[in-house]
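All figures in this text were calculated on a predicted structure; none of them were measured in a lab.
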Amino acid sequence: VHLYSDLDGFEPNGNIIYIYVLGAVALLILLIACVNYTNLSTAQSAGRSAEVGMRKVLGADRKQVFWQFISESFLLTVFSVIIGLALSIWLLPYFNQLSGKSLEISLLFHPYMLLSLLMLTLLVTFAAGAYPSLILSKGKIINILKCGFRFTGSAGLRKSLIVFQFVISIFLIVTTVIILQQLHFIQSKNLGYDKEQMIVLPVDLPFLEKYDDIKKALATNSNIKSISGAYEEPTHIDWGDGLNKGNGTGEKDRISVNAIPVDEDFVKTMNLTILAGREFNQTDVLQFDTSGGGSNLHHHYILNESAAKALGWTPQDAIGKIVDKGTEGPVVGVVKDFHFKSFHEAIGPLVIFMDKSLVRSLFVKVSGNIPSAISHLEKIWKERVPHRPFEYHFLDESYHSLYKTEQRTGSVFSAFAIIAVALACLGLFTLTAYTMVQRTKEIGIRKILGATIGNILTLVAKDFMKLVFIAFIIATPIALYVGNKWLGNFVYRIPVQWWVFAGAGVITLIIAFVSISLQAFKTAMANPVKNLRTE
């Protein structure tokens, strides 16, 4: 039910797609860390070649050397798990606030979780440590001695892993921006009704018995502009019904509609746009006479433009036409389409009819001092509705709750994107530092021969910047596909714009260049004579 229910009244409270996506992103973050370890281990292999050579001279075989380095990887991973658990305990309240969940620390020490952590420890140990261990253990003694105790891992692999890191980083930046753009579009788009400064109060049966009197008493404040009631909030109207042309036209013209029973002030209070006809008035109220077993009852209907179109009418043509929703009545007005469901669904036909006996929510439009208006509402509520506590919320809160999953996903993606970029740049920073150590003599000679600091920075940065550019080329179609796939869940959505990709690429290049330059500049500024002496 939590994730998969398609039953009315048991709508899913989550989405398995988001769980898969966030799980995949978390795995990608972990892979970036593994890539950093692999990159640095293979890059530092030259510094440990003497150690490996001595061990082999003293009789160590390849397996023993391999397991030595796997053990080092295992110890590093175990320490990481311990630190990670401590950070998780410390950061859990902040994560709960970010994700809107209420996870407890005890979950981290559940036997299933501990077993999962153990399996993850072993997996990360081999994922991060297997390749460096193979590189460091497979060298032959004679080759090591001939090379002066120097050998390195594959430069091609290190470059590929850097590309992989930045593919993930750019992908996360682009998808995060797309999510945030869509959320901004949702929050800023004109919905066709006024949700701002609209207080929602509950209505029950004892309230309905004195509905008009209580409504008038609540409205006696200068900060309250208008009050109306309806069966549901206009943010999500679920009432399903059928509607067809009246005067005996039969079922052939019947259409499926959503419907909402309201009182006479609904159109005015919600600030709906009337395209033709009028809103409900006191004459309609008087004609809604339930006495005499319903023989005196007269219904009046207001359609949205989609309902009028579905019946084959223009807004002007619909006025005065008879429709049947179980009871026949004339169409007195047509309102402009408004979003009465989330942006995941298209605006469909809607019929608004008056029936105050079905009101379940009261909407109070405030146009002044909100605290003063709330204080007045509470005072009247305690006097007129003493059987239940004064409770209220704002209509825009209900609207935003329709997209709480997307909002939380955007927040988590933003955090993950920052972490991914930071880890990728950290790996690039340390790998640049290693490269500078390897090229110290070369840079010293270049400076003596007249190379400027700018020449040296360009020399060092261009190779790494090429890798970031390649990552951008690879990440762009992946991010475009995933972004469009996610936006496909919305009927009303933003177009994916080219500058999002260009911006992500430029930002990543700048961050990468700064990471590279910090180390390269330090080496370039060093005294070349001193470097050549030590080399």
Closest heavy-atom contact between [X] and [Y]?
| X | Y | value |
| --- | --- | --- |
| I456 | A451 | CG1-CB, 4.3 Å |
| H339 | Y193 | O-CE2, 3.2 Å |
| F66 | A130 | CE1-O, 3.9 Å |
| F472 | G505 | CD1-CA, 3.6 Å |
| F416 | I29 | O-CD1, 3.5 Å |
| N36 | G427 | OD1-CA, 3.0 Å |

Item to check | Polar contact flag, side-chain donor to acceptor under 3.5 angstrom, H236-S342 | outcome: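 Result is no, nothing qualifies.
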May I ask you to test the [X]-[Y] pair for a side-chain heavy-atom distance under 4.5 Å?
| X | Y | answer |
| --- | --- | --- |
| T235 | F340 | no |
| F109 | I89 | yes |
| L350 | V257 | no |
| E72 | L76 | no |
| S361 | E232 | no |
| M113 | L107 | no |
| H400 | K404 | no |
| L201 | I199 | yes |

Heavy-atom count check: over 12 atoms from other residues, nucleotides or ligands less than 6.0 Å from [X] [atom1]?
| X | atom1 | answer |
| --- | --- | --- |
| Y392 | OH | no |
| H393 | NE2 | yes |
| F394 | CZ | yes |
| K189 | NZ | yes |

Main-chain N/O of [Y] paired to [X] side chain as donor or acceptor, under 3.5 Å:
| X | Y | answer |
| --- | --- | --- |
| S411 | Q407 | yes |
| N96 | P93 | no |
| Q187 | H184 | no |

Checklist entry - Under the side chain to side chain contact (heavy atoms under 4.5 Å, CB included) criterion, do I186 and Y403 qualify, and how do the steps go? => result CA-CA 9 Å; I186 289 170; Y403 309 100; 3.3 Å; yes
Next on the checklist: Please enumerate all residues that pass side chain to side chain donor-acceptor pair (under 3.5 Å) together with N304, with sequence neighbours excluded.
Outcome noted: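 For N304, the residues satisfying side chain to side chain donor-acceptor pair (under 3.5 Å) (neighbours in sequence not counted) are D337.
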Next on the checklist: Just to verify, what does W67 make a side chain to side chain donor-acceptor pair (under 3.5 Å) with, not counting sequence neighbours?
Outcome noted: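 For W67 there are no side chain to side chain donor-acceptor pair (under 3.5 Å) partners, ignoring immediate neighbours.
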Item to check | Intermediate values then yes/no, side chain to side chain contact (heavy atoms under 4.5 Å, CB included), F164 and V35 | outcome: CA-CA 8 Å; F164 175 75; V35 164; 3.7 Å; yes
Distance-only criterion, 3.5 Å: show the donor-acceptor pairs between side-chain atoms of residues 114-125 and protein atoms not counting sequence neighbours.
from : atom 1 : to   : atom 2 : distance (Å)
S116 : OG     : Y112 : O      : 2.8
T121 : OG1    : L117 : O      : 2.7
T125 : OG1    : T121 : O      : 2.7

Checklist entry - Does the side chain to side chain contact (heavy atoms under 4.5 Å, CB included) test come out yes or no for D396 and M198, once each step is laid out? => result CA-CA 7 Å; D396 57 357; M198 188 75 72; over 6 Å; no
Once you round to the nearest 0.5 Å, how far does [atom1] of [X] lie from [atom2] of [Y]?
| X | Y | atom1 | atom2 | answer |
| --- | --- | --- | --- | --- |
| L428 | I511 | CG | CD1 | 11.0 Å |
| L27 | I32 | CG | CD1 | 10.5 Å |
| S517 | I510 | OG | CD1 | 11.5 Å |
| F126 | T77 | CZ | OG1 | 10.5 Å |
| S398 | E233 | OG | CD | 3.5 Å |
| F363 | T269 | CZ | OG1 | 9.5 Å |

Item to check | F490: partners by ring-ring contact (aromatic ring centres under 6.0 Å, His included), with sequence neighbours left out | outcome: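 F490 satisfies ring-ring contact (aromatic ring centres under 6.0 Å, His included) with H344, W486 only.
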Checklist entry - Who pairs with F501 by ring-ring contact (aromatic ring centres under 6.0 Å, His included), at least two apart in sequence or on another chain? => result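 Not a single residue meets the ring-ring contact (aromatic ring centres under 6.0 Å, His included) criterion with F501.
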Can you list everything that forms a salt bridge (charged side-chain N to carboxylate O under 4.0 Å, His left out) with [X]? Sequence neighbours excluded, please.
| X | result |
| --- | --- |
| R62 | none |
| E345 | K341 |
| K365 | D194 |
| E397 | none |

Item to check | Of all pairs that satisfy side-chain hydrogen bond (donor to acceptor under 3.5 Å, both in side chains), the ones with a partner from residues 457-484, not counting sequence neighbours | outcome: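 Those involving residues 457-484 are N484-R493.
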Checklist entry - Checking side chain to side chain contact (heavy atoms under 4.5 Å, CB included) for the pair L87/I83: CA distance, chi angles, key distance, verdict? => result CA-CA 6 Å; L87 285 173; I83 295 171; 4.1 Å; yes
Checklist entry - Under the side-chain contact (heavy atoms from CB on, under 4.5 Å) test, which residues partner F95, sequence neighbours left out? => result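 side-chain contact (heavy atoms from CB on, under 4.5 Å) list for F95, sorted by chain: S99, L103.
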Listed pairs under 3.5 Å, donor-acceptor, residues 169-183 side chains, sequence neighbours left out:
from : atom 1 : to   : atom 2 : distance (Å)
S169 : OG     : Q165 : O      : 3.1
S169 : OG     : A420 : O      : 3.3
T175 : OG1    : F171 : O      : 2.8
T175 : OG1    : L172 : O      : 3.2
T176 : OG1    : L172 : O      : 2.6
T176 : OG1    : F413 : O      : 3.3
Q181 : NE2    : Q497 : OE1    : 3.3
Q182 : OE1    : I494 : N      : 3.0
Q182 : NE2    : Y492 : O      : 3.1

